[in-house]
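Note on naming: letters A, B, ... go to the chains in the order of the sequence lines (proteins, then strands), and numbering restarts at 1 for each one.
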Amino acid sequence: MTAYLRPRSLAEAVAARAAEPGYLVLAGGTDLMVNANHRPAPAGLIDLWRLPGAGEISLDAERGQLAIGAGATWLQVQRHPLVVRHAAILAAAAREIGALQIQARGTIGGNVANSSPVGDSLPVLLALEAELELCSVRGTRRLPYREFCTGYRTTALGADELVSAVLVPVAAPAVRLFWRKVGTRRAQSISKVMAAAAIHLEDGVVRRATVAFGAVADRPVRLAGVEAAVVGLAPAQAAEAARAAVAGAIAPISDVRSTSDYRLQVAENLAARMFSELS
Amino acid sequence: MVQAPPAPWIGASLPRVDGISKVTGRARYLDDLPAAGAWHGATVRSDIAHGVLEALDFDPAFDWSSVVVVTAADIAAQGGHNVIRLIQDDQPALVPVGGKVMHAHEPLALVAAPSRALARAAAAAVRPRIQPLPAVLSAKDALAGSVALHGTDNVFKSFLIRKGHREDAELERALASAALVIEGEYTTSPQEQMYIEPQAMMSSWHDGRCHIVGSMQCPYYVHKAMKTLLACKDDEVVISQSVTGGGFGGKEEYPSMIAAHAALLARKAGRAVKLVYDRDEDIAATTKRHPAWIRHRLGVDASGEPVAIDVDVVMDGGAYLTLSQVVLSRGVLHAAGPYRCPVVRVRGRVVATNHPPHGAFRGFGAPQTTFAYERQMDKLARARGEDPLALRKRLALRSGDTTATGQALTFSVGTDAVLAAIERAAGPPPQRAGRSLAGSPLRRGRGVCFYFHGAGFTGSGEARLAGRAAVAVVLPSGAEAASAAPVRFEVRSSSTDIGQGSITMFSQIAAASLGCDPQLVRVIDPTTDKVPDSGPTVASRTCMVVGRVVEQACRTLRGRLEAWRAARGPAAESLSLPEVAAAMARELASDGKELVELVQYEPPPGIVWDDDSYTGSAYPVYGWAACLVDVAVDLDTYEVSVLRCVQAVDVGKAINPVIVRGQIEGGTLQALGWALIENVIYKDGKVANANMTNCIVPTFADAPELETVLVEEPYPYGPGGAKGVGEIPMDGPAAAVANAVEDALGCAFDSLPISPEKIATALRQASARSDGKAGVP
């Protein structure tokens, strides 16, 4: 039998995690339950669903960050005025995850910790240069999201740690955001390619850009080559430079959902689109 | 033939009889049925496509005393035959040790246990030892013949249609004389039915009989198969349909397999056993639509008049024949299309491979060949610079014309009406270029198609089948009798309501024919010891054929009731029909008789079919349809969005227009899915995407605006003029989509599904050909 723990405070939760590092953490269950029939039953579950206070969304004016509690569901994320105003592409990504039932149950913390290469919010967190708040009985630490994914479904999360919040810098007004999910169909679909970008445009040229893709590698990736290639260029030239820089930067795989050629071609098109649509 | 004046219940959109119980969750599907003490079954399957089953090893660490195991040896031990009886007895219920494993996911052994988890653990503890053999994993490989699975050539069955010529040389001369020959090669993909309720069956042995209840389309198919498998007499096995969550053909022949397994387990366990497939198991192991490979030549003279059509159809039947020859037959009979042409040759072959058997799926071979001929017609229009709809109007079959099998069409030909409906609905063509909400460039296009679908069984099938149905007068009993409740008119048929609305439709047909309120009609659940064999619930025949029998039975009963009333003079004149029925039923009951009318189907006059030459009336009547599709293709992602889909369908008469529109809309969306996103991917003979995450079907978010125009060209021998409607909407939309995508992009797509991956590749190749210039026209 699988043991079941349901902590009712963050303190209880980290204590449970420290006591039972082998238990699976259930933060909504939208991925965990889908795979329940395909893997051995876990020794135990730590259920964080509706952990009091875990789903709060607030603005930390001092740091200029949006603080999104790990327990926030996609429905809460997409509807929250602060997210819509300060991280519109995160709200947009939330609207395209699964469908309504999944959005009501899946959480941002679950998506981050589960760290699937096709996790729908993850390229957005990379492009927005988000940080994670990780906590354990040892205390709380912050980690740039960029350093969190260490490989295929592996992360920098300690065996006793939980993701407690996602911290998203508030975008400056001059920064233009881009998000596109390409799935197998319109809803309830697994992504074939995702693209996200935050582009600082000044005097008609790109000053700085953060460009991230999902479903094209073993983990969500920032494309430094693309980011470097576009600096100082006007949108039309940046688009062509971005397209050209994608090819050497990723080597997507073929699987039952799509092909390597298609993923690469679409990634190139989207890399170009994120700049060409600025003009 | 004189048509009876329209009865008020025909053509009325009455609410579904089963509607409230389904939307409130009260309807009990197989897994919801009370099953106190029932054990759960699980199936041990092959994980390789072809080989010899050398042994079944049982993990010594597992406690086998807590479960029941059934192998092929148990079947013979009880005097039964290890076959799933259908057209040929070639498929075993379980592969015997020493026997050939013919496909991956093939059943090898069964287990039952008090819990589902234990049953699964037991199944996992059975280790089949299989010596692999080289596998045949495509129709082309089967025809190449390096591995013989069936006979020497791997051909299960072939058909040949010849019209207007006797020898191949004549056909070739006709094609050589053509001013223009359109030549094309088409492939279509396997498709999963994806009914919402997975396959499920429960069996128990009591009262000296084997009882089987489950999710199915054809109780008498299961009945026939069980008699052979279990060595039972007619009345020793009783098959009942439980509320069934969709079938689409997927519950036509496969339920005999799962019923066999449940019955074998229940017999050995000495208790009820329930066998409910997981979705993954259901997708992996059960039947799919036949993948097809079709080559088509269409020759026209300088004026654009067809001079010859030559079609070669090859279908992958999978490991056993099952229904493949009938699927091929329907595919072949529709392959030349609803167009006039003096010289036609259609050749068809269905071949053996090591895929799981392909089987029945809405359309039954016709969607595959319709895709090919409607692509050909579009290419002809393009080559001649002719408007695609005008071309179809010019060449379409009409009353007085003859089909490829020489059948003269004399009635109920809706060609002009459906084409006119599409023309009216068309509106201005979509603006070719634009941008999506996400800023991507879009290319828009429009496609049309025209098609037909033979309703009912092929050729002399209905005459051979001789389907029967009955209507009985049932007197109120118990509390009902005390409250002076009226009689009930009970419709008894083996037609199953699998979501298509047949219970409601039969109620309306019976009420109209009897002249009573539909509330007095009750269509009983099909159980083989209570209903006659009306034939299977397939082939767009339930309304048209069985509905006709119900209509006739009710009319005859009404005649008897009226005669009984007339014979009793003025005293009986004021009695209503239900009152007469009650009085007459009581009179008969006192003699120990039931007031019942049992009628057998009479095929319409003039239906002559010759199986040897494949000539004559292939079907008693056809449905006719035209379809228009507008698409937008996103040039960043190569995704096709269907913006609009209009279907005009000649249904003869819509008994219940809301239900008929539902059938057409559902079939259309299923066809759009097949055109664009659905696919079953085989890898080494195994289904590589056996889950709903990767074996996708359209969601409501993927559904375009669906417009349905009902055309009614009455069929004189159908109930109220109705003809089949269940399958026709599946046939046409894939070609219309392909035609629209070609209109948008200028590239031909002749292989389904038209996936974004294929579009990306085609555009890349087109752009390479046009001297490296990027982009599309």
Side-chain angles (χ1 to χ4, degrees), chain A residues 1 30-31 34-38 40-41 89 92 95-96 98-102 116 118 176 178-195 235 239-240 243 254-279, chain B residues 116-117 120-121 124 278-281 435-441 634-642 669 672-673 676-683 686-704 753 755-765 767 774-775:
Chain A
M1 286 294 282
T30 55
D31 194 70
V34 168
N35 288 311
N37 281 340
H38 303 283
I89 57 172
R95 278 194 291 275
E96 291 184 79
L100 189 62
Q101 295 95 325
I102 297 290
S116 160
V118 293
R176 308 276 287 270
F178 179 92
W179 162 250
R180 191 80 184 265
K181 166 176 172 163
V182 183
T184 50
R185 63 181 167 200
R186 291 274 178 77
Q188 296 282 25
S189 106
I190 309 287
S191 293
K192 298 200 276 198
V193 179
M194 291 169 287
E240 285 322 304
R243 178 192 296 280
S254 294
D255 58 18
V256 292
R257 286 192 281 271
S258 192
T259 63
S260 158
D261 283 351
Y262 174 82
R263 288 186 164 111
L264 183 58
Q265 175 83 59
V266 170
E268 289 176 358
N269 294 349
L270 296 182
R273 180 68 48 207
M274 53 182 73
F275 295 97
S276 68
E277 77 168 29
L278 296 174
S279 51
Chain B
R116 198 167 282 180
R120 285 181 186 163
D278 258 355
R279 180 66 65 180
D280 301 14
E281 181 177 24
R435 296 184 89 72
S436 75
L437 283 177
S440 297
D634 185 318
L635 296 183
D636 275 352
T637 64
Y638 314 106
E639 294 165 300
V640 176
S641 301
V642 177
L669 191 56
L672 295 175
L676 292 170
I677 60 174
E678 293 188 39
N679 199 2
V680 174
I681 300 165
Y682 290 116
K683 199 172 168 220
K686 281 194 272 193
V687 177
N689 56 339
N691 53 60
M692 287 182 96
T693 307
N694 293 324
C695 187
I696 55 167
V697 298
T699 67
F700 273 107
D702 298 282
S755 63
E757 286 76 8
K758 282 183 193 155
I759 293 175
T761 303
L763 291 181
R764 197 159 50 235
Q765 286 165 352
S767 132

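Salt bridge annotation for A:D255-A:R263: present, with a cationic side-chain nitrogen under 4.0 angstrom from a carboxylate oxygen.
Chain A forms more heavy-atom pairs under 4.5 Å with one residue of B:L676, B:V697, B:T761 than with any other, namely B:V697. Chain A forms the most heavy-atom pairs under 4.5 Å with one residue out of B:P441, B:P698, B:C695, B:S755, and that residue is B:P441. Ranked by non-hydrogen atom pairs under 4.5 Å with chain A, the options B:T699, B:D636, B:D280 are led by B:D636.
Residues B:P753 and B:I677 approach most closely at CB-N, 4.1 Å, considering heavy atoms. Heavy atoms only, all atoms of each residue included: B:L635 and A:N269 are closest at O-ND2, 3.5 Å. The two residues A:S260 and A:S254 come nearest to each other via the heavy atoms N-OG, 2.8 Å.
Interface residue B:A688: backbone and side-chain heavy atoms are both found under 4.5 Å from chain A. Interface remark: A:R180 contributes side-chain atoms only to the contact with chain B (heavy atom separation under 4.5 Å). Contact annotation for B:N694: only side-chain heavy atoms (C-beta onward) come within less than 4.5 Å of a heavy atom of chain A. In this structure, the portions of B:S440 lying under 4.5 Å from any heavy atom of chain A include both its backbone and its side chain. Interface remark: B:I696 contributes backbone and side-chain atoms alike to the contact with chain A (heavy atom separation under 4.5 Å). At a 4.5 Å heavy-atom cutoff, B:N679 makes no contact with chain A through either its backbone or its side chain. The contact between B:S641 and chain A is made by backbone and side chain atoms together, counting heavy-atom distances below 4.5 Å.
A side-chain donor-acceptor contact under 3.5 Å links A:K181 to the backbone of A:S189.
With 3.5 Å as the limit, one finds no donor-acceptor pair spanning the side chains of A:H38 and B:N691.
Distance check: A:Q188 CD to A:Q101 CD gives 6.5 Å after rounding to the nearest 0.5 Å.
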